[in-house]
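One structure is given here, and the rest of the page talks about it.
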Amino acid sequence: MSLPLGTARPIEVHLKAEANHRPQARRGQPSVLSLLLVFCGLLVLLSAWTLGAEDELSLGRKPWQNLQKTVAELAEPSFLRVWFGDTNSQVRDQDGKVLRVDDQRATERRYLAGVGRALWTTLRIATLGTALAALIALPLGLLAARTLHAPRPLFWLAKAALDTMRSIHTLVFGLFLVGIVGLGATAGILAVALHSSGTLGKLLAEAIESLDAHPVDAVRATGATGAQVFFLGVWPAVLPQFVSQVLYVWEFNIRDSTILGLVGAGGLGLLLSEAMSLFQWGRLATLLLAIVIMVTSFDALSRAVRRRLV
Amino acid sequence: MSAVTAVEATCLQVNAGDFVLLRDVSLRIETGERIAVVGHNGAGKSSFLRALSGFNTVHGGTLNVLGTDISVLRGRRELRRLRGQVAQVHQGLYLVGRLSALDNVLIGGAARNGSWLTWIHRWPSHECDLARAALARVGMGWAAARRTDSLSGGERQKVAIARALHQNAPMLLADEPTASLDAEAADEVIELLMALVAERKSTLICVVHDLDLVPRLADRVIVLRRGQVVADVKATAMTASELRGVMK
């Protein structure tokens with residue numbers, strides 16, 4: 001998961017500072033923004049040119065036909081067979097002998113129930129993982145917030161831990177954890193928790209750093225202890241933001257955990273890899289639809305809750 | 001404890017990096033005096049108040065507040081004890097917005113209640129009674145359960161005064177307490193401040209922007225210019241325009 005919240009901020013602040021402090025001195029020189037745009041443009045050109053030179057930008061031999069084939073294969077999601085399937089589908093061998101008779105409607109009903117169970121597992125993995133991540137992120141985020149002045153070594157340690165956890169993808173954590181705690185949901189939960197505690201901790205630290213310092217100073221001015229300053233001045237102000245961030249990361253994790261099953265860490269991903277390796281495109285279409293519906297509905301839910309929070 | 005000097009500064013210097021905020025400030029403020037500190041922006045008014053409560057480091061000279069020498073004060077515990085003795089009302093209504101008015105007032109009692117229970121906003125019942133009384137005294141009893149970010153500017157400033165009142169300190173610092181208020185609310189806040197200072201016989205040191213307020217707020221006025229004291233006279237001794245002339 002990347003950081004859509006954090007990335008835009010430093011640039012914006014930087015520009016503001018430039019604009020406030022020395023508008024005159026900068027006249028005639030290129031602004032930070034134009035330099036940045038030129039730099040980004042060069043980076044894009046460089047990437048395209050070098051990848052092209054390495055012959056990595058080809059679209060394959062028949063991209064258009066392949067695309068049409070894929071679309072056609074996915075156009076018949078398997079769940080439709082629950083209503084329109086053949087109740088007396090006969091599987092024959094080459095000589096025309098009937099090997100077995102299959103009720104497609106019943107088969108797909110069973111498969112759909114399996115998809116439901118996998119969705120439920122995925123949801124639980126994401127939820128427990130996020131809850132665990134919040135618990136881990138809380139102390140680390142507090143230590144990593146510059147304005148709380150934690151002891152230097154602890155500050156750097158927390159920062160390093162958060163950066164490390166954030167930079168390793170959930171799926172990679174999943175690979176390791178399946179080896180450590182075995183196949184199943186536990187590995188998934190721990191993978192989600194480890195990765196997103198890095199994200200949450202950083203978000204929390206930034207939220208604390210961007211708090212209005214004056215009310216906090218006012219609490220300090222009453223002669224309150226460090227702990228009182230935190231609990232009476234900082235925590236009440238930062239709590240709604242933290243809750244909102246936890247919801248936001250939860251939303252992300254629901255998306256992330258749908259593929260955790262690919263490495264054996266439980267949930268929907270197992271069905272995904274099964275459908276892909278058996279070339280069951282109809283079932284793959286069903287799974288993708290299920291994922292889209294779950295993810296969008298939880299996105300909407302979390303967004304609605306978050307809007308009411310702050 | 002009678003007639004203890006509230007503030008005694010000798011050759012006080014306060015820096016911010018290379019910049020000198022206060023230079024060569026020597027003055028004496030007796031207990032019970034009401035002081036107005038005036039000067040242009042950047043003259044060092046707020047820096048002086050911040051130095052008094054240990055938020056600015058003393059870089060030269062000595063600064064003695066309520067019998068504690070701040071210039072040699074290093075321990076956090078000592079600093080907290082001193083801050084407990086100095087109540088503050090700031091410009092800009094610095095309350096914790098998401099807390100109720102009562103919870104904000106209770107924070108004033110933080111220095112005398114170190115228990116961890118205060119971390120979860122559990123205060124001893126007599127503290128709650130005192131805080132409610134303080135709110136009622138400033139006429140904000142009705143707002144005890146209201147979140148302070150739902151109150152108006154004047155109402156919030158009254159809650160801030162209640163917090164200072166609840167702190168029950170012998171010295172009150174006020175930094176432009178009426179800065180963001182309309183005339184009516186400002187009047188009310190000033191009257192309240194003066195009544196409380198008279199009741200408690202506390203020392204008041206107040207940064208004032210509106211020079212017409214000086215005679216109402218203070219019996220002595222200290223004029224700062226570029227970090228130095230340029231006048232220190234009775235409040236009635238100079239008119240607002242004379243003060244303006246000295247500030248330039």
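Convention: sequence-line order gives letters A, B, ...; per-chain numbering from 1. Just so it is clear, the model here is predicted, and its values are computed rather than measured.
- Here CZ of Arg220(A) is found 7.0 Å from CZ of Arg83(B). Values are rounded to the nearest 0.5 Å.
- Among Gln85(B), Arg81(B), Arg163(B), His121(B), the residue with the largest count of heavy-atom pairs under 4.5 Å with chain A is His121(B).
- Ranked by heavy-atom pairs under 4.5 Å with chain A, the first of Ser53(B), Ala110(B), Ala87(B) is Ala110(B).
- Of all non-hydrogen atoms in Arg80(B) and Ala224(A), the two that sit nearest each other are CD-O, 3.1 Å.
- In this structure, a donor-acceptor pair under 3.5 Å is present between the side chains of Gln228(A) and Thr118(B).
- Chain B forms the most heavy-atom pairs under 4.5 Å with one residue out of Ala237(A), Ala227(A), Gly233(A), and that residue is Ala227(A).
- Once rounded to the nearest 0.5 Å, the distance linking CG of Leu232(A) with CG of Leu106(B) reads 9.0 Å.
- Heavy atoms of other residues, nucleotides or ligands lying less than 6.0 angstrom from CZ of Arg226(B) number 12 at most.
- Annotation for Phe176(A): atom CZ does not count as buried by contact number, only 12 or fewer foreign heavy atoms lying within 6.0 Å.
- Put simply, CH2 on Trp235(A) and CH2 on Trp119(B) are 14.0 Å apart, with the number rounded to the nearest 0.5 Å.
- Each of Val216(A), Val219(A), Val234(A) was compared with Val96(B) under the side chain to side chain contact (heavy atoms under 4.5 Å, CB included) criterion, and only Val219(A) meets it.
- In terms of heavy-atom proximity, Arg98(B) sits nearest to Pro236(A) at CD-O, 3.3 Å.
- Asn113(B) contributes atom CG, which lies 10.5 Å from atom OG1 of Thr225(A) (distance to the nearest 0.5 angstrom).
- Heavy atoms of other residues, nucleotides or ligands lying less than 6.0 angstrom from CZ of Arg255(A) number more than 12.
- Interface remark: Leu99(B) contributes side-chain atoms only to the contact with chain A (heavy atom separation under 4.5 Å).
- Other residues, nucleotides and ligands contribute more than 12 heavy atoms inside 6.0 Å of the CH2 atom of Trp142(B).
- Side-chain contact between Asp217(A) and Phe55(B) is present, with at least one heavy-atom pair separated by less than 4.5 Å.
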